[in-house]
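Structure record follows, encoded as structure tokens.
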There are 2 protein chains.
Amino acid sequence: MRPRAYGQYCGFARALEVVGERWAMMIVRDLLVSPKRFSDLQQGLPRIPSNVLTSRLKQLEGAGVVQRRAVSRAQGGGVVYELTPYGAELDDAVIAIGRWGAKRLGDPRPDEIITPDSICMALHSTFRPESAGRTHARYEVHVGPVTVYAIVRDGAVNVGKGPLENPDLVIEAGPAFRALMAREITPEQALKTHVIGIQGDPKYLTKFVQLFRI
Amino acid sequence: MRPRAYGQYCGFARALEVVGERWAMMIVRDLLVSPKRFSDLQQGLPRIPSNVLTSRLKQLEGAGVVQRRAVSRAQGGGVVYELTPYGAELDDAVIAIGRWGAKRLGDPRPDEIITPDSICMALHSTFRPESAGRTHARYEVHVGPVTVYAIVRDGAVNVGKGPLENPDLVIEAGPAFRALMAREITPEQALKTHVIGIQGDPKYLTKFVQLFRI
DNA sequence: CTGGATCCCTCACGATACTG
DNA sequence: CAGTATCGTGAGGGATCCAG
């Protein structure tokens, strides 16, 4: 049941043996955002067969990357899967991969979906700490049916799913969101052509494209 | 002939579609060190079937990650494969993955080999710029039959295969090399028990374990 | 309802042999 | 040297079914 080995005594090869199989890193990506139930993972990764999800979770658990935790009956029972501290250390790698992939992310293909977790990952990986300085900003972002938030503070970003209380800026976006973050269009153009809608001070949108940039 | 899609409009998922298939990242890892011929890649990745190598190179070429370059007849003819500038930007991701994998890299399994490229990658990914300061040091490292060098200068490292002229320190190591870099043994212990041999000033070995650390 | 297990089919991977 | 050809196996994909 163990994944195939690469036969090299090398940290990189070992890492790929653990998280290099199909779907494994996608599961880690989603779990980096928050712990999840089996069915949450299925929902976030709609194309993964259930047997493959089962198999990957077992392998990741065996490798010490993921752990199961029982949920109290009061909260619905069952189990959630979460990253171990060791698994959570994959964040740098996941962010680096996501940043590279975002560079040539064109427009969505017809059958592609957008999940809250992927948006969270995208905000995380495109965040530029060097542009943050002492900025404190609270963003709520709507992309299609997805709502996520990003709180920038002390040179770091905290992202999560759902709405936010007292946001400095609410951004309503569609496909133009990527173009905005890639600087293919300016905030002014985006607002004038109404491909992006906001509630709040437009200055925060200007700051946004400095903070998050593909 | 295209790899399977993940069906998500997400930079991370796109990246995995390009370099997420088995062997693809390993090829990138080796090409990050230097351009290579088909047979060089086979030698560095002994377990890859030739048809899979052919297939991966074509996919990576199609994705703009790898390019073929003809070699002049005077240099042996044929073609070499090298990363495009876009492909070379994978270095951050590869280093992040390698660093994570090195954390729990135990002792070598019986059938595992060590290649020059994997050592180069390891030195790259374990390098700590914050420990370099104004250090200028030239290391030649022998691990088993493999010889590589690392030149630290201006807070950066340059690694490559082969011996070095006028090295400050020559390190002769076996399996203890990993233990040394992981700080499981001290340089003094390593020298006293002769699991590591050096030619040069031992101070450079002390500096080495600060510069390169798992 | 969650959290899987089972079946079947296909195709990518792997091993080996062979060629321009 | 730089691949192609062929073929067997097993992992991935998709649907369905089942236990708590």
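Values reported hereafter were calculated over all heavy atoms of this structure, with side chains retained and with hydrogens, waters and symmetry mates removed. Lettering follows sequence order; numbering is per chain, from 1. Owing to the predicted nature of the structure, the values given are computational and were not obtained by experimental measurement.
In summary, the side chains of B:S55 and B:Q59 do present a donor paired with an acceptor at a separation below 3.5 Å, with no hydrogens or angles considered. Counted by atom type alone, B:Q8 and A:E112 present zero donor-acceptor pairs between their side chains at under 3.5 Å. Defined by atom type and a distance below 3.5 Å, a donor-acceptor pair is missing between the side-chain atoms of B:Y204 and B:R138.
The CZ-P distance, from A:F38 to D:dA19, rounds to 17 Å in whole Å. Across the protein-nucleic acid pair, A:W23 atom CH2 and D:dG12 atom P stand 11 Å apart, rounded to whole Å. Rounded to an integer number of Å, the gap from CZ of A:R37 to C1' of D:dG20 is 14 Å. Nucleotide D:dA11 holds its P atom 17 Å from the CG atom of A:L53, rounded to whole Å. Here D:dC1 presents its C1' atom at 16 Å from CD of B:Q75, a figure rounded to the nearest Å. Between the CD1 atom of A:I27 and the P atom of D:dG12 there is a distance of 11 Å, rounded to whole Å. Across the protein-nucleic acid pair, B:L57 atom CG and D:dT4 atom P stand 10 Å apart, rounded to whole Å. Computed from coordinates, the B:R22 CZ to D:dA11 C1' distance equals 11 Å when rounded to whole Å.
Ring-plane geometry between A:F212 and A:Y139 is classed as perpendicular, the angle between the planes exceeding 60 degrees on a 0 to 90 degree scale with a lower cut at 30.
Among all heavy-atom pairs drawn from A:G78 and A:R37, the shortest one is CA-NH1, 4.3 Å.
Remark: B:R104 qualifies as a cation-pi partner of A:Y86 under the 6.0 Å distance and 45° angle criteria applied to the six-membered ring. A cation-pi arrangement is found for B:R22 relative to A:Y6, the charged atom lying closer than 6.0 Å to the ring centre and inside a 45° cone about the ring normal.
Considering only side-chain N and O atoms, B:R68 lies under 4.0 angstrom from the phosphate OP1 or OP2 of D:dG3. Under 4.0 angstrom from either OP1 or OP2 of D:dG12 there lies no side-chain N or O belonging to B:Y6.
Mapping B:D40 and B:N51 onto DNA chain D via the closest heavy atom, the residue that lands nearer the 5' end is B:D40.
Residue-level contact check: A:T54 touches the backbone only, with heavy atoms under 4.0 Å from sugar-phosphate atoms and none from bases. Nucleic acid contact class of B:S39 (heavy atoms, under 4.0 Å, all strands): sugar-phosphate only.
In the set D:dT6, D:dG3, D:dG12, D:dG12 carries the atom at the smallest distance from any side-chain atom of A:E21.
When DNA chain C is scanned 5' to 3' for any atom under 4.0 Å from a heavy atom of chain A, the first and last hits are C:dT2 to C:dG14.
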